[in-house]
Amino acid sequence: MTRYRFLFAQLARHKWAYSTGILAIFATNLMTVSVPGYLKEAIDFLSNNPQGQDQTHLRHVLTMILLLALAVVGVRTLSRVMFFNPGRRVEAEVKNRLFEKLTHLEKNYHDKNEVGAIISRLQNDITGLRLLAGFGIMQFFNILSALSLTPYMMWQLSPELTLFCVLPVVLVFGLVRFGMSYMVAHMHLRQSRLQELSGFIVSSLSGVEVVKGFSLEGWTAGRFNGQNDRLIDETLKISLLRSFLMPILGNLENILKVLVLTLGGYYVIQHQFSIGELTEFIAYAALLTHPIMGLGWLTTLYQQGMVGIDSIETILKQETPRQDLKRHPQPTQLFEQGLVVDNLSFAYPGGEPLLRGISFTIKPGQTLGILGKIGSGKTTLVNCLNGHLPVGAGQIRLGSEELVNLHPADLRQVIRTVSQEVFLFSDSVKNNILFGAQGDLSDQELLAIVQKSALKDEVARFPLGLDTLVGERGIMLSGGQKQRIALARALAAKTGLLILDNVLSAVDYETERFLLSQILKRDTAQSLLIVSHRVRALESADQILVLDQGQVVQQGRHANLIEQPGIYQSTWALQQEGSLAKH
Ligand SMILES: Nc1ncnc2c1ncn2[C@@H]1O[C@H](COP(=O)(O)OP(=O)(O)OP(=O)(O)O)[C@@H](O)[C@H]1O
Ligand SMILES: [Mg+2]
């Protein structure tokens, strides 16, 4: 039922176009079914008047047929425009909604769903909706009017002959229905094969360097072939069925003609029917086959559309719980009392608790450092703090406000994250930085940010300076340059807490020092949370947490921690040796 509600809601937006289309379709069919009547008159006139005297009536009849034919062309064109255009609009509108929804969905959804499969839903599955909302709806009204008007005209001429024609129509329709249920099952399969293939294409092309680096071309091509074969299997099954059904539908016209000629011919011999009437009836029978064929199409379009709607709804129905939350009147004040983490625990869906019993406070103006081995849960903690991962009630608070109750937009304004895995849009350096700004930045402000992010010299060397395009995901840049552009993006607006998750890992010692000195000025962020493997980056923090297997195992300032035996001390000692060895 919800599928219909969804469909009608989309169609209702274009009710005027559809209403005009429906009127045009009825007009077309009305005109089409009046042609055989004129045909009958012309033929009967000719057979009753073989000498061809007084042809005014004949001329009148022929003019009418011609005018009707011309009018049908015009009105049918109008009806197609009135159905097809809204169909395309519905597709575009739903696509917009889907994309917007996808940008709001939580990290967990994106972790579970491959990009390629989502693209396939957005590009392929939606086609079913477009066809249904355009061609399908048009066929529906076309069939409705044709299948009511044509049999009515046939009935007027001869009820017995009409009933005689119904039999093959019902048989063929039954066959089509049967075939369609088989087809639908395979359409579902084909859709999921398409999603699989699309997922595979995206993942292998985005990792094409790895594929080449490890000489995996053959293996990848083999897997692609396998998946493509499975897709083609389904496609062939569907087209085989179509190839079987279409000729049956196409030949229905001939079957009907044979029936009408047999029984109708008998009526003519018996003088119950004129030749003109027989011609008229045959013309109706021919008109009848098109909507019957259309009915076959319509059932396919209907099924395909419903499969598409199901697939679209799996995205639209995903919950975005925090979207309903109210905006805070003054989000900038949210960080006035700092951030409190109270006994935070977190588990990924279906997994063991990864973070356990974590508690700390970051006051405005403070810097918190987090050190931990690879996989100790640092990024997971960061994603809990910035709201990317759902946390339990009462575990994280900003003053008196619970983090879970904050609108995502407010939260993004008050907590900004430069994540470990940098993402750049394929746009210019400048635009990649400005994505982070709230409102416009003057050229001077932008240059100040570029300077602060240690990008100034490099940007000066780029061929088009700040307007240089960074390529797909920043492919034209080095890892360190990407990280600093992401940092610049975070510095483009003032915030309460700035989180840097391993951001300084890809830069050299000098640059790291410079960046730290700039960030520690805290003129864009009131407080800082620096996650790092390197003790050096944390030395000046007001408080440092050492994370191990999702728990805080040590806590304090640098001076105390290097005195205590433990991870911090040993990491420090190792890194001291490393840097001594370098100098
Ligand atoms: N989306 C996810 N679903 C399930 N498990 C995950 C997910 N993301 C991370 N993990 C697991 O959580 C653990 C901690 O990962 P996390 O990224 O938080 O570590 P980290 O301390 O940031 O490591 P690194 O220093 O390498 O950045 C890892 O064992 C990882 O396998
Ligand atoms: Mg990490």
Side-chain angles (χ1 to χ4, degrees), residues 99-100 102-107 110-111 113-116 118-119 122 201-213 379 382-383 386-388 408-409 412-413 415-441 443 445-493 495 498-508 511-512 514-515 518-519 524-525 530-532:
F99 188 74
E100 204 207 326
L102 284 165
T103 59
H104 281 123
L105 285 179
E106 300 205 315
K107 188 177 179 308
H110 291 287
D111 285 352
N113 291 278
E114 276 185 307
V115 176
I118 296 180
I119 295 178
L122 219 74
I201 294 172
V202 171
S203 70
S204 21
L205 289 186
S206 48
V208 72
E209 295 303 326
V210 179
V211 171
K212 286 197 282 191
T379 300
V382 164
N383 285 332
N386 60 24
H388 286 160
R412 307 273 180 271
Q413 208 170 326
I415 300 182
R416 299 196 133 207
T417 313
V418 186
S419 48
Q420 188 170 9
E421 279 165 32
V422 176
F423 181 83
L424 297 185
F425 294 96
S426 92
D427 203 321
S428 63
V429 174
K430 181 175 166 181
N431 285 342
N432 265 294
I433 298 175
L434 290 180
F435 281 129
Q438 283 149 0
D440 287 340
L441 285 189
D443 284 353
E445 285 169 315
L446 182 65
L447 284 180
I449 291 168
V450 168
Q451 150 88 22
K452 226 193 251 185
S453 322
L455 276 167
K456 198 170 154 227
D457 294 345
E458 274 144 305
V459 166
R461 282 198 297 272
F462 288 162
L464 296 173
L466 278 171
D467 293 317
T468 309
L469 297 176
V470 303
E472 178 93 13
R473 296 183 193 207
I475 196 91
M476 325 271 275
L477 305 172
S478 76
Q481 286 167 343
K482 278 192 265 192
Q483 276 194 333
R484 275 168 293 143
I485 290 179
L487 179 65
R489 183 190 290 165
L491 296 178
T495 185
L498 178 64
I499 305 180
L500 306 178
D501 186 1
N502 254 335
V503 169
L504 310 176
S505 59
V507 293
D508 56 43
T511 317
E512 182 185 18
F514 174 78
L515 286 172
Q518 295 300 309
I519 299 161
T524 41
I530 305 178
V531 175
S532 183

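Only a predicted model underlies this, so the values are computations on that prediction, with no experimental measurement involved. Quick note: numbers below take in every heavy atom, side chains included, and nothing from hydrogens, waters or symmetry partners.
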- request: Would you sort out whether F435 and K430 count as a side chain to side chain contact (heavy atoms under 4.5 Å, CB included), showing the intermediate values?
  value: CA-CA 9 Å; F435 281 129; K430 181 175 166 181; over 6 Å; no

Spatial distance of atom [atom1] ([X]) from atom [atom2] ([Y]) [nearest 0.5 Å]:
X    : Y    : atom1 : atom2 : result
L500 : L498 : CG    : CG    : 4.5 Å
I519 : S453 : CD1   : OG    : 8.0 Å
K452 : L515 : NZ    : CG    : 11.5 Å
L447 : E445 : CG    : CD    : 10.5 Å
Q518 : I449 : CD    : CD1   : 12.0 Å

query: Taking all non-hydrogen atoms of both residues, which atom of V418 and which atom of A490 are closest, and how far apart?
result: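 Heavy atoms of V418 and A490 come nearest at CG2-CB, 3.3 Å.
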
With a 3.5 Å distance limit and no angle check, can you tell me whether [X] reaches the backbone of [Y] through a side-chain donor-acceptor pair?
X    : Y    : result
R489 : N432 : yes
H104 : E100 : yes
T495 : Q413 : yes
T511 : V507 : no
N431 : D427 : no
E458 : L455 : no
R484 : G480 : yes

task: Determine whether L469 and F462 make a side-chain contact, defined as any pair of heavy atoms from C-beta on separated by less than 4.5 Å.
output: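 L469 does not reach F462 side chain to side chain.
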
message: What I'd like to find out is whether the side chain of L105 reaches to under 4.5 Å of the side chain of H110, using heavy atoms alone.
response: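 Yes, close enough: below the 4.5 Å cut-off.
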
Donor on one side chain, acceptor on other, T379 and D501, under 3.5 Å: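 On atom types as modelled, these side chains qualify, holding a pair under 3.5 Å.
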
